[in-house]
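See below for the structure under consideration.
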4 protein chains.
Amino acid sequence: MTSIAEPPKTHDFAEHENHHLEFAPSAVLTPSPSTQNGHPYRTSSSLRRTRSALGLHPSAPIYEDHDTHERQKLLWSRIRIVLREPFVEFWGTFIMIMFGDGSVAQVLLSTGQTTAPGGNGFGPYQSISWGWGLGVMLGIYVAGDSGAYLNPAITFSNCIFRQLPWRRFPMYFTAQLLGGFVGSGVVYANYISAIDWFEGGHGIRTVPPATKATAGIFCTYPQPFVTKASQFFSEFIASALLMFVIFALKDPSNNGVPRSDKWFPLCLFFLIFGLGACFGWETGYAINLARDFGPRLMSYAVGYGPEVWSAGGYYFWIPMVAPFCGCAFGGFLYDLFIYTGPSPVNTPWLGLKYIFQPRYAWEARKEHLRREREEGIV
Amino acid sequence: MTSIAEPPKTHDFAEHENHHLEFAPSAVLTPSPSTQNGHPYRTSSSLRRTRSALGLHPSAPIYEDHDTHERQKLLWSRIRIVLREPFVEFWGTFIMIMFGDGSVAQVLLSTGQTTAPGGNGFGPYQSISWGWGLGVMLGIYVAGDSGAYLNPAITFSNCIFRQLPWRRFPMYFTAQLLGGFVGSGVVYANYISAIDWFEGGHGIRTVPPATKATAGIFCTYPQPFVTKASQFFSEFIASALLMFVIFALKDPSNNGVPRSDKWFPLCLFFLIFGLGACFGWETGYAINLARDFGPRLMSYAVGYGPEVWSAGGYYFWIPMVAPFCGCAFGGFLYDLFIYTGPSPVNTPWLGLKYIFQPRYAWEARKEHLRREREEGIV
Amino acid sequence: MTSIAEPPKTHDFAEHENHHLEFAPSAVLTPSPSTQNGHPYRTSSSLRRTRSALGLHPSAPIYEDHDTHERQKLLWSRIRIVLREPFVEFWGTFIMIMFGDGSVAQVLLSTGQTTAPGGNGFGPYQSISWGWGLGVMLGIYVAGDSGAYLNPAITFSNCIFRQLPWRRFPMYFTAQLLGGFVGSGVVYANYISAIDWFEGGHGIRTVPPATKATAGIFCTYPQPFVTKASQFFSEFIASALLMFVIFALKDPSNNGVPRSDKWFPLCLFFLIFGLGACFGWETGYAINLARDFGPRLMSYAVGYGPEVWSAGGYYFWIPMVAPFCGCAFGGFLYDLFIYTGPSPVNTPWLGLKYIFQPRYAWEARKEHLRREREEGIV
Amino acid sequence: MTSIAEPPKTHDFAEHENHHLEFAPSAVLTPSPSTQNGHPYRTSSSLRRTRSALGLHPSAPIYEDHDTHERQKLLWSRIRIVLREPFVEFWGTFIMIMFGDGSVAQVLLSTGQTTAPGGNGFGPYQSISWGWGLGVMLGIYVAGDSGAYLNPAITFSNCIFRQLPWRRFPMYFTAQLLGGFVGSGVVYANYISAIDWFEGGHGIRTVPPATKATAGIFCTYPQPFVTKASQFFSEFIASALLMFVIFALKDPSNNGVPRSDKWFPLCLFFLIFGLGACFGWETGYAINLARDFGPRLMSYAVGYGPEVWSAGGYYFWIPMVAPFCGCAFGGFLYDLFIYTGPSPVNTPWLGLKYIFQPRYAWEARKEHLRREREEGIV
């Protein structure tokens, strides 16, 4: 990464994106021999400009041996390449929510049904751990390990600590939120007659702590005895764990982690399953704005009423704010104690200069943007 | 796939089969040095003709380093090579049904048995998710990742979107249906005395919603409160999810999916487990004609009576039709938003010309067949 | 395997052992350059003779890059190399039984305990599926994938269909049986005070169908309503499934199975879990003489009385005989319909000549032994 | 390992550390070409001296392609490299305890809650097996497979049998113990309001066998009917199993274990899950001083009272002592019967000379230290 042949760099971080998102600019600008015969660029220059304008990396993250040249003549194919990351983040989040909210729906609505095989409903609480765990796993497969991980708080933390440019954030955020909204809407559509049956009448929709409440299918509501501080702490600590372990799993200096990313989705299954089994009771382990706010909006839209906002003492803002704080803290801890690669924490003053000396931060930013323009990876 | 050295092609899809089924014709026709010493062809030309006549690929999908020449002198060995795919699809589906229906049988028949270790039957509902999930996983291992995946709807979707020739469909379909029929028959034979015991008398066989019904062991019956539209939607959406995720897992342009197919069966375990845990309640997640209609026929044959057809308001046709619609829709969504490879969706008008302009489709078809004949991969 | 350079062979099976046990004789007899400097042979010739006399392969199955030369000067190290396979089979079976019988003990003895976290005992029936599944998985890791798989019926089937020489059988069988006996003894020792507590008095030991019976911890007893024929069929079909899937997972011609053996132990976890969840109710899925008869003998020895033999209508012989029949049948089915490699089924008359023409079998046997002597792999 | 080119060695063990911890001294002292251009040493010589003084290996276990040169100018980065192993062991144990104790907390505190989805609490006993299993798995990922495995007894056993130098022990031990203490403290902080609610009042803290005791969340308490001898035996046998299987999984001579360490964390998930499902009832499978004594100290500190020590007949010392005995015995068994590599057991008299002839041991030790000084790997 810092061999002598490369131009000297003053900071050793901040000029590259997250390592698994990295497409060397030279590989893109200079056609490789195998693509020269009439297929000059994998991502053509007009597509690259459009992608940059949207805040995305100029090159779309498509496996490099995969030739997409020919199909780029079609308008829709061009749109699909331009919007690659938003599309995959949308569908990844969609899949995650389908399985996650779907598992809650099945467990909650069939509670105690004696006609089930086994005589006690179609799945216990543990089924929900499975649903979210495998939903995240399959969502990551669909999203192609984009590095943004179906969660704005993780995108946020990657922007702070792993040089994911901030201009990527808006598109990722929008796609994730929409994925949560639409995914939970499809779950609602699928279970609408079962919800009517469970709530006891057509169109009745209630929110916890009502006895037959079904709003908990879509977004999280805290246990009644948990104080506001405990609510925040529970979401904060779960998010910090999430980020800490993900950074460990993606750490190229870490001896025990497979170099390839093949194991990553399976590890995330275990991680999310664990959060559900160990920190899922008090507040329902939202740990993700897209997973909680998106479906909450949807449930408000389909008629669960203003209680979706007021329940639990206006709890709704906690799973919006706490994941960002928690993920940032978890990432900070990992970088402070273990990570030896490029990170703001591995700069003078543990990177706190960026926070406490605005002028220092501003100049580092200007320098960073200047260099990026030079290298053409705007 | 479309390098300059190859003959020019007007369409970039439709001349190759599914990429993991592909056997380059040249490798078959021209003997490689290592096979020239008296072992001219892996699949001899007469076998190739017979296989073509049955609608199969001329070369049998056998791992290429595996020499089968010597044993091809025996009649049965020749039959086994000719019928390779039907045989493996049959046994793959058989294994899937054995574990799937077996798990339902064990859970349903032992419901509430207090003499069980643990005091509450031999497995809860979740055991069924395990059974189907691992049944599909092991079935895929047995079937050698043939690309047809033990499900006519997936075969169908591969024909539409992944250039699996339509003439393959009948043999695959037949083998899958037979596998479902025979597999469920063996489960019935295994549990026959337990069914007698559970139903309360020798030869009594009832269908849900009867209290002691055991027909649900073999095929699916909907929950009583689910409307016809919801029944269809539930099967449709589960099938669409199935196809969407399988296409993601098999997408060579997808950055996050391992190139090798080693992970595929394990991922399918999680996918099927998830469908059982999240969308398995309302209609029992048949999502597969071979898994539902085959065993239904079997249960009718052994004496469950005409209620197997009439139950749930003649529900039986839904798990026959909905999986085809759902898989086609899921595949369409994936190709529309993510897939950058050869697919009808990646042609002008998103491929809808094939549907709305019959003449266009007819000519593309003729052109396609002409080229195949030239290349000898009939 | 049958290249021209090798000496001509009349049968294409029966001269090599199971492919993953294979150590090319030349590699052993002719020192490779890297071992010539004073370390002439990995397994010295006197060790090789002793191993042959015991019916084992002359070379011990030790990973070939692992140098054991120096330590072969010690007596015990020599014994350990001579008895490599019996030792690893013993400990593999021991580990399997520890986890398997241990899980039954914990679930059965803690049934309904309300002081447990969760309020209902320390594990449901499903815990037993986990215990046996992961016991087999870890046992295979310990046993170093020896090909004999901790089960005499699988060893038997490998002798019939995969050229494992019959003279290997006695040592493998003895080691497996002892592993089962000793392993279950340690489980008994571990749970002895809990068994006293559960049975209701020091030294009381009862056998199902007694209300507080604990004999079911160690070996299997059938459900009361299952007829003798169903008992046999249930064990038979589960054993056939076991062998069929293992042969698929080890089939080098099978396209969908990873070439390396890395996935094998994990797949066996799913396979054994599935047998427990799907065919574990009626007879307890013994499918293994070493797992059932070894512990049964142990439970008889520690005082469970003659009922361990007479219970279930002298059921004890079924899990001794049925696994051998079932595994042989399952292996036959796989070879008949899918396997294209060397197997008796892939010889004239589907190999039935070996059964119905004793003279033909005798001559093939003599020819086979003559060739082995020539090649020095006695 | 013992090629002719290397200097002759009198013992074939004891001069190298555990094989997966090994950093060839030459690679560190002699700069490789790629690091010569101004980046002379990966771990600079002053850092190496400091690490040696702390009892750690001179080179920090950082993946060797990962360049950390530039950031070594910062003070904190230098500290982090010096304290690499203690930091990763601390956080690995922390993660393990967070998930492990977290799962017990959630299951125990929510026992029987009817408002849960599924109607019966937020997880059954099995959830605890999941929590500890995946906690160990993720902890190993975080700890970078350091070979110390988050457990002083395993570190101890590696010192005895796998040439991990004894001077490593104190730092590893301290880090693990602190990880357990701090991790359980965070779990306590997270569940504090739930504990108040469960115990029935603010600040009430009770220890088993009190009806509403919550001390069992943090450390283990035995079942009331288990005798002292059975308590010890239960912990002993579980620890022996743990060590036996870990040594098998790390054995380079073992044919069936993948050469790479990729599978190791997943296998540990199954192993720990199995210990919880099969040997977790009588004494709670502490099998680890850091997991039991650390949290016990924490629970004493936050006010659970002296009963944390006196409960179960002053049980607390058993999970401190038994794991060391058990792991040593398990390691001894593995080396005695299976391991063919360098181990004290593979020396004359099975290594018992080291125990029964102090003078022999003393001289071997001196010789060993002399050689290490010569090679510069103090």
Side-chain angles (χ1 to χ4, degrees), chain A residues 1-4 12 104 107-108 111-112 120-121 123-129 208-209 216 223 225-227 229-230 233-234 237 241 244-245 248-249 251-259 263 266-267 270-271 273-274 277-282 333-334 336-338 340-342 346-348 350, chain D residues 34 37-38 61-63 65-68 70-71 74 76-77 80-81 87-88 90-91 95 98-99 102-103 105-106 109-110 115-124 126-127 130-131 134-135 137-138 140-146 186 189-194 197 260-262 264-266 269:
Chain A
M1 199 177 252
T2 53
S3 80
I4 277 293
D12 63 352
V104 188
V107 172
L108 195 147
T111 296
N120 188 23
Y125 170 76
Q126 211 189 42
S127 208
I128 295 171
S129 294
Q223 293 293 323
F225 57 81
V226 184
T227 63
S230 275
F233 189 72
S234 178
I237 205 72
L241 271 174
F244 191 91
V245 176
L249 291 169
D251 182 352
S253 80
N254 191 323
N255 236 9
V257 173
R259 289 285 93 67
W263 286 85
L266 183 64
C267 292
F270 283 102
L271 176 55
F273 191 107
C278 308
F279 299 95
W281 174 41
E282 294 179 311
L333 276 186
Y334 189 79
L336 188 63
F337 286 105
I338 303 188
T340 57
N346 292 341
T347 56
L350 298 175
Chain D
S34 68
N37 307 300
I62 293 169
Y63 180 65
D65 285 355
H66 190 81
D67 178 49
T68 62
E70 226 174 316
R71 284 170 291 281
L74 299 167
W76 178 252
S77 292
R80 190 170 44 207
I81 287 173
F87 277 4
V88 298
F90 172 85
W91 285 106
I95 293 288
M98 287 291 285
F99 282 103
S103 69
Q106 176 161 327
L109 297 172
S110 74
T115 55
N120 188 23
F122 283 78
Q126 211 191 42
S127 208
W130 277 94
L134 62 87
M137 180 191 179
L138 298 175
I140 291 174
Y141 276 121
V142 166
D145 199 2
S146 69
V186 177
N190 186 53
Y191 281 108
I192 195 160
S193 61
W197 171 80
S260 82
D261 281 341
K262 283 183 192 173
F264 185 74
L266 182 64
F269 165 76

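Note that this is a predicted model, so its numbers are computed, not measured. Here is the naming used below: chain letters follow the sequence lines, and residue numbers restart at 1 for every chain.
- Side chains of D:Trp76 and A:Leu336 form a contact here, defined as non-hydrogen atoms less than 4.5 Å apart.
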Item to complete: Any chance you could lay out the side chain to side chain contact (heavy atoms under 4.5 Å, CB included) test for A:Ile128 and D:Phe122, step after step, and finish with the verdict?
Response: CA-CA 10 Å; A:Ile128 295 171; D:Phe122 283 78; over 6 Å; no
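- For the pair A:Phe233 and D:Ile192, the minimum side-chain heavy-atom distance is 4.5 Å or more.
- When all heavy atoms of D:Ser127 and A:Ala277 are compared, the pair lying nearest together is OG-CB, 3.5 Å.
- Contact of D:Ser77 with chain A is made through the side chain alone, with heavy-atom distances under 4.5 Å.
- You'll find the side chain of A:Phe270 stays beyond 4.5 Å of the side chain of D:Phe99, heavy atoms only.
- In this structure, the portions of A:Leu271 lying under 4.5 Å from any heavy atom of chain D include both its backbone and its side chain.
- Taking the six-membered ring for Trp and thresholds of 30 and 60 degrees, A:Phe273 and D:Trp130 have nearly parallel ring planes, at less than 30 degrees apart.
- Atom OG1 of D:Thr115 and atom CG of A:Leu108 lie 10.0 Å apart (nearest 0.5 Å).
- Heavy-atom distances place both the backbone and the side chain of D:Asn190 under 4.5 Å from chain A.
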Worksheet item: Are A:Phe244 and D:Val142 close enough, and set up right, to give a side chain to side chain contact (heavy atoms under 4.5 Å, CB included), and what steps lead you there?
Response: CA-CA 9 Å; A:Phe244 191 91; D:Val142 166; 3.7 Å; yes
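- To the nearest 0.5 Å, atoms CG (D:Leu138) and CG (A:Leu249) are separated by 7.0 Å.
- Classified by interplanar angle (parallel below 30°, tilted 30° to 60°, perpendicular above 60°), the ring pair A:Trp281/D:Tyr191 is parallel.
- Counting heavy-atom pairs closer than 4.5 Å to chain A, the top residue among D:Gly121, D:Ser110, D:Gly119, D:Ala116 is D:Ser110.
- The heavy-atom pair separating A:Ile237 from D:Met98 by the smallest distance is CG1-CE, 3.8 Å.
- D:Gln106 places a side-chain N or O within donor-acceptor distance of the main-chain N or O of A:Gly280, the cut-off being under 3.5 Å.
- Contact annotation for D:Met137: only side-chain heavy atoms (C-beta onward) come within less than 4.5 Å of a heavy atom of chain A.
- Between chain D and the residues A:Leu241, A:Val245, A:Val104, the most heavy-atom pairs under 4.5 angstrom are made by A:Leu241.
- No part of D:Phe90 comes within reach of chain A, as not one of its non-hydrogen atoms sits under 4.5 angstrom from that chain.
- When heavy atoms are compared at a cutoff of 4.5 Å, D:Leu109 approaches chain A by way of both its backbone and its side chain.
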